[in-house]
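See structure below.
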Amino acid sequence: MITEIGQDIDRAAALLGHGKLVAIPTETVYGLAANALNNEAVINIYEVKGRPRFNPLIIHVASIDAAARYVTEIPSAIKNLATQFSPGPLSYLLPKSSLVPNLVTAGSDKVVVRIPAHPMTIELLERLDFPLAAPSANPSGYVSPVTASHVREGLDGKIPYILDGGKSSVGLESTIVGMEADEVVIYRLGGITAEDIFKLTGITPRFSLLHEKPDTPGQLKSHYAPSKPLIVGDVHALMSIHHGKKIATISLTSFYSTAYLNEVLSPSGNLHEAAAKLFTAIRELDNSDADIIVAEIFPNEGIGAAINDRLGRAGQ
Ligand code: TXA
Ligand code: MG
């Protein structure tokens, strides 16, 4: 199969309508999309990604109104969040309706729903009469793609079409929230921060990060791993421990003059800029001839917490 890259929304819609897979741009990362209501198409997502079937998929819809058919209820706190943050990098774990196949949710009675903020993908979703199941468009376990060419690097020859919407502006996956009793709970850190949620809604979410619970299927700790060793910590100390190796560093603002390669993610110290560049930096260093990647611990505030989460899980 030849994998084409293009900007043809009609073509993407036609392929998806025929049960094929299409990689789609979103503001977080690229997704590997299929008709969520078509079991065969969904099976193909698991196969192409090499993803274990116990790891459920997010469904994507054009609006919160369009989401209503696929869930049994939208609690008022979630409606409030959706008003503020959707379309955008926030996803909602909600009780699923019978329209959503068990294969999508890996047997769970809850489904994660997201409304992506990318104009091409919103237009695509508006043309379709089904939601799109779409995990990140990388082989399972590798770094998520933020450009069409990243998708091709991982999935060339396995899917017919990549809808090219440019570079993902947020660069980290969506934050996943849900409700437990009357509390809003954050299950995955991502593009929307707890601080953002508090500022816009007055809600103080509780954290219950799924990958920190050993019994949660699909939330494997190591998830974003490059093929080179990646170690997170004090860069100077790690450089002296690994003296003699070609060391590549990932930092917010610091340039390490004795390192072999440096990826300074935001010289001005902007964590959103750093988040947007993180996955590209990890890929570039992984494709370089450095021996080892050493990353700083980022300031653990705002989206910095999500950066640290991804670096921690990329580490071996
Ligand atoms: O930003 C994003 O969310 C991107 C773009 C493409 O929308 N998608 C994404 O999907 O990151 P994925 O599959 O790579 O990550 C979804 C995470 C997985 O860790 C999965 O285990 C969890 O969400 N998840 C999905 N449905 C779930 C469910 N019903 N219950 C618990 N966890 C769920
Ligand atoms: Mg993923």
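Read the numbers this way: they start at 1 and go in the same order the structure lists the ligands and their atoms. Just so it is clear, the structure is predicted and the values come from calculations on it, not from any experiment.
In terms of polar-atom proximity, defined here as any N/O pair under 3.5 Å, N55 does make such a contact with ligand 1. On a distance-only criterion, T28 and ligand 1 share at least one N/O pair closer than 3.5 Å. Considering both main-chain and side-chain atoms, K49 never comes within under 3.5 Å of ligand 1 through any nitrogen or oxygen pair. For ligand 1, the polar-atom distance check against S174 finds a nitrogen or oxygen pair separated by under 3.5 Å. Residue S91 has no nitrogen or oxygen atom sitting less than 3.5 Å from a nitrogen or oxygen atom of ligand 1, judged on distance alone. For a threshold of 3.5 Å applied to N or O pairs, the pair formed by S136 and ligand 1 contains at least one separation below that value.
When side chains are defined from C-beta on, E153 counts as touching R283, because their heavy atoms get closer than 4.5 Å. Considering only heavy atoms from C-beta on, R152 comes within 4.5 Å of I162 through its side chain. Between L265 and F298, the closest side-chain pair of non-hydrogen atoms falls below 4.5 Å. Counting heavy atoms from C-beta on, the side chains of Y30 and K167 never come closer than 4.5 Å.
Ligand 1 places these atoms under 4.0 Å from at least one heavy atom of L210: 32 (N). The contact set between ligand 1 and I58, taken as ligand atoms under 4.0 Å from a residue heavy atom, comprises 3 (O), 8 (N), 9 (C), 10 (O), 16 (C). Shown in contact with L93 at under 4.0 Å from a heavy atom are these atoms of ligand 1, numbered in order with element: 28 (C), 29 (N), 30 (N). Applying the 4.0 Å criterion to heavy atoms of K110 picks out, from ligand 1, the atoms 29 (N). Applying the 4.0 Å criterion to heavy atoms of I176 picks out, from ligand 1, the atoms 17 (C), 23 (O). Of all atoms in ligand 1, listed by their number and element, those nearer than 4.0 Å to a heavy atom of H60 are 5 (C), 6 (C), 7 (O).
S251 and E263 share no donor-acceptor pair across their side chains, judged by distance under 3.5 Å alone. With hydrogens and angles left out, the side-chain atoms of T26 and R114 include a donor and acceptor closer than 3.5 Å.
For the pair K96 and ligand 1, no heavy-atom separation below 4.0 Å is found.
Counting heavy atoms closer than 4.0 Å to ligand 1, residue I24 contributes nothing at all. Of all the heavy atoms of E27, none lies under 4.0 Å from any atom of ligand 1, so neither backbone nor side chain is involved.
The Mg ion (ligand 2) has an N, O or S atom of S136 under 2.8 Å away, backbone or side chain.
When P95, G31, G191 are checked for heavy-atom proximity to atom 6 (C) of ligand 1, G31 turns out nearest.
The CG atom of L163 sits 8.0 Å away from atom CG of D8, with the distance rounded to the nearest 0.5 Å.
Taking a 6.0 Å sphere around CZ of R69, one finds it holds 12 or fewer heavy atoms contributed by other residues, nucleotides or ligands.
A ring-centre distance under 6.0 Å is found for Y256 and H236.
Ion pairing of K199 with E195 is absent here, as no side-chain N (NZ or NE/NH1/NH2) approaches a carboxylate O to less than 4.0 Å.
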* Apply the test side-chain contact (heavy atoms from CB on, under 4.5 Å) to residues Y46 and L103: give CA-CA distance (whole Å), side-chain angles for both, the deciding distance (0.1 Å), then the verdict. => CA-CA 10 Å; Y46 287 101; L103 194 59; 4.3 Å; yes
